[in-house]
Amino acid sequence: FNAAAKDAAVAALTAQGCTVEVSDLYAMKFKAAATTEDITGGVKDAENFCYAKEIKLASEEGRLADDIKKEQEKLKEADLVIFQFPMYWSSVPAIMKGWMDRVLGFAYAQEKRYSEGIFKDKKAMLSFTTDCPESVYSDTGINGDINVTLWPLQNGILNYCGFQVFAPQIFWDPATGSPESRSSMLEGWRTRLQNLCGEASVYFAPLDYFDKEKGFLLKPEVKEKYASKESGLTVGIHMGKPLPANSQTKAGV
């Protein structure tokens, strides 16, 4: 079904005049593990090897492995990035997480992240299948609120790099559905893609809401602004209040 969802997206976006490039990580045999092999010409400090530091330096000096450089070039050219995957263990498959680990190393710095990230003019979204019905990921379901599950991916990776994040496209348990229900899911996806770029993005608190000198805690004036609100600011920044409903699954919440 993920292949069908990918094909539907390619067809729908191409029909709108978009140039679409697919990175099929399994077909590419993309290496998931982040290792010293990602850096050509050797590492600077082998005795105290730190992948994040070494990969950032290698990126600045043009010493990254070819497979990483090719994916980074695709990112630089893209206006929209769609991550299509089957949800594994409430997250992305290892090969996609490896892509994020290896390819996004150039995409952040202390002064360029979140709302000031280098991808702030680009859009991204998650599109994925589950092996369970929606109720399993509800606020009373056994896996808990899907909004909480999505926070590390959408905030900790996409928003961290600056992407404007569209609400996810979730295909609930297509494997056990009827052929008609799967066709309906794909048709809904195609319809959404026709107007996707006109959608609002998921809300994340901007970087200037936080005090860098105090460990990036919410500034007092922001806390005061939200003190009278019934729920917290976001799923991740809830200020001891109830979590805001649907803040990671619907735009503008």
Side-chain angles (χ1 to χ4, degrees), residues 23 32 34 38-39 44-45 49-65 68-83 85 91-92 96-126 147-168 197 199-223 225-226 232-239 243-244 247-249 251-253:
S23 289
D38 297 343
I39 301 162
K44 299 294 185 181
D45 187 357
F49 177 66
C50 173
Y51 185 84
K53 290 181 180 179
E54 293 281 358
I55 206 72
K56 189 172 186 301
L57 182 60
S59 177
E60 293 168 353
E61 297 177 353
R63 298 186 296 106
L64 293 176
I68 296 177
K69 288 193 288 188
K70 288 177 182 177
E71 294 305 297
Q72 289 181 346
E73 287 304 313
K74 294 176 187 177
L75 274 181
K76 291 174 184 177
E77 292 295 322
D79 296 311
L80 166 68
V81 182
I82 299 175
F83 295 88
F85 60 95
S91 187
V92 296
M96 183 172 285
K97 181 56 167 63
W99 184 96
M100 294 170 173
D101 291 345
R102 298 179 66 222
V103 174
L104 295 179
F106 79 114
Y108 63 88
Q110 287 296 316
E111 67 282 2
K112 287 193 175 295
R113 50 184 174 164
Y114 295 110
S115 55
E116 298 303 318
I118 68 168
F119 292 150
K120 63 183 181 181
D121 295 323
K122 298 179 183 293
K123 298 175 173 65
M125 70 179 299
L126 307 178
N147 293 274
V148 177
T149 301
L150 293 174
W151 177 257
L153 293 172
Q154 296 194 152
N155 177 72
I157 298 176
L158 302 183
N159 180 46
Y160 187 90
C161 292
F163 284 110
Q164 300 168 52
V165 183
F166 285 138
C197 288
E199 289 188 10
S201 57
V202 171
Y203 175 76
F204 296 97
L207 191 60
D208 62 10
Y209 271 23
F210 303 88
D211 191 335
K212 180 180 179 181
E213 304 303 320
K214 295 184 179 179
F216 288 98
L217 290 173
L218 278 176
K219 293 176 179 177
E221 59 267 31
V222 178
K223 292 180 68 176
K225 176 182 176 181
Y226 284 88
L233 182 61
T234 68
V235 167
I237 305 155
H238 52 81
M239 304 169 61
L243 302 185
S247 74
Q248 291 298 293
T249 55
V253 175

Closest approach of Ser115 and Leu207, non-hydrogen atoms and distance?
-> OG-N, 2.9 Å
Rounded to the nearest 0.5 Å, the OH atom of Tyr160 sits from the CG atom of Leu158 at a distance of 13.5 Å
Give every donor-acceptor pair under 3.5 Å between a side-chain atom in residues 118-126 and any protein atom, sequence neighbours left out.
unit_1	atom_1	unit_2	atom_2	d
Lys122	NZ	Leu75	O	3.2
Lys122	NZ	Lys76	O	2.9
Lys122	NZ	Ala78	O	2.5

Any Tyr209 side-chain heavy atom under 4.5 Å of Lys225 side chain | yes
Sidechain-backbone polar pair: Asn147 side chain, Gln248 backbone, donor-acceptor under 3.5 Å | yes
Do Val81 and Phe163 come within less than 4.5 Å of each other through their side chains, counting heavy atoms only?
-> yes
Could you list the residues that satisfy salt bridge (charged side-chain N to carboxylate O under 4.0 Å, His left out) with Glu199, not counting sequence neighbours?
-> Arg192
Close side-chain approach of Leu57 and Arg63, heavy atoms under 4.5 Å = yes
To the nearest 0.5 angstrom, please state how far the OG1 atom of Thr249 sits from the CG atom of Leu150.
-> 7.5 Å
Side-chain heavy atoms of His238 within contact of Leu233, under 4.5 Å | no
Can you name the salt bridge (charged side-chain N to carboxylate O under 4.0 Å, His left out) partners of Glu60, sequence neighbours left out?
-> Lys56
Closest heavy-atom pair and its distance - Ala251, Ala200 = CB-O, 3.1 Å
pair Gln154-Asn159: side-chain heavy atoms closer than 4.5 Å | no
Is the shortest heavy-atom distance from the side chain of Val202 to the side chain of Phe166 under 4.5 Å?
-> no
Out of curiosity, Phe204 CZ to Ile237 CD1, how far, rounded to the nearest 0.5 Å?
-> 9.5 Å
Below 4.0 angstrom, N of the basic side chain to O of the carboxylate: do Asp38 and Arg102 qualify?
-> yes
Could you tell me whether a side-chain N or O of Gln164 sits under 3.5 Å from a main-chain N or O of Ser201, the two making a donor and an acceptor?
-> no
More than 12 heavy atoms of other groups within 6.0 Å of Lys70 NZ = no
Would you find a donor on one side and an acceptor on the other, under 3.5 Å apart, between the side chain of Glu54 and the backbone of Lys44?
-> yes
In Å and rounded to the nearest 0.5 Å, what is the CD1 to CG distance from Ile157 to Leu153?
-> 5.0 Å
Take atom CG in Asp45; do more than 12 heavy atoms of anything else shown fall under 6.0 Å from it?
-> yes
Here the gap from Lys219 atom NZ to Glu213 atom CD, rounded to the nearest 0.5 Å, amounts to 10.5 Å
Would you kindly check if the NZ (Lys) or CZ (Arg) of Arg113 is within the cone defined by 45 degrees around the ring axis of Phe216 and under 6.0 Å from the six-membered ring centre?
-> yes
Considering only heavy atoms from C-beta outward, does the side chain of Phe210 approach that of Tyr114 to under 4.5 Å?
-> no
Just how far is it from atom OG1 of Thr234 to atom OH of Tyr226, taken to the nearest 0.5 Å?
-> 9.5 Å
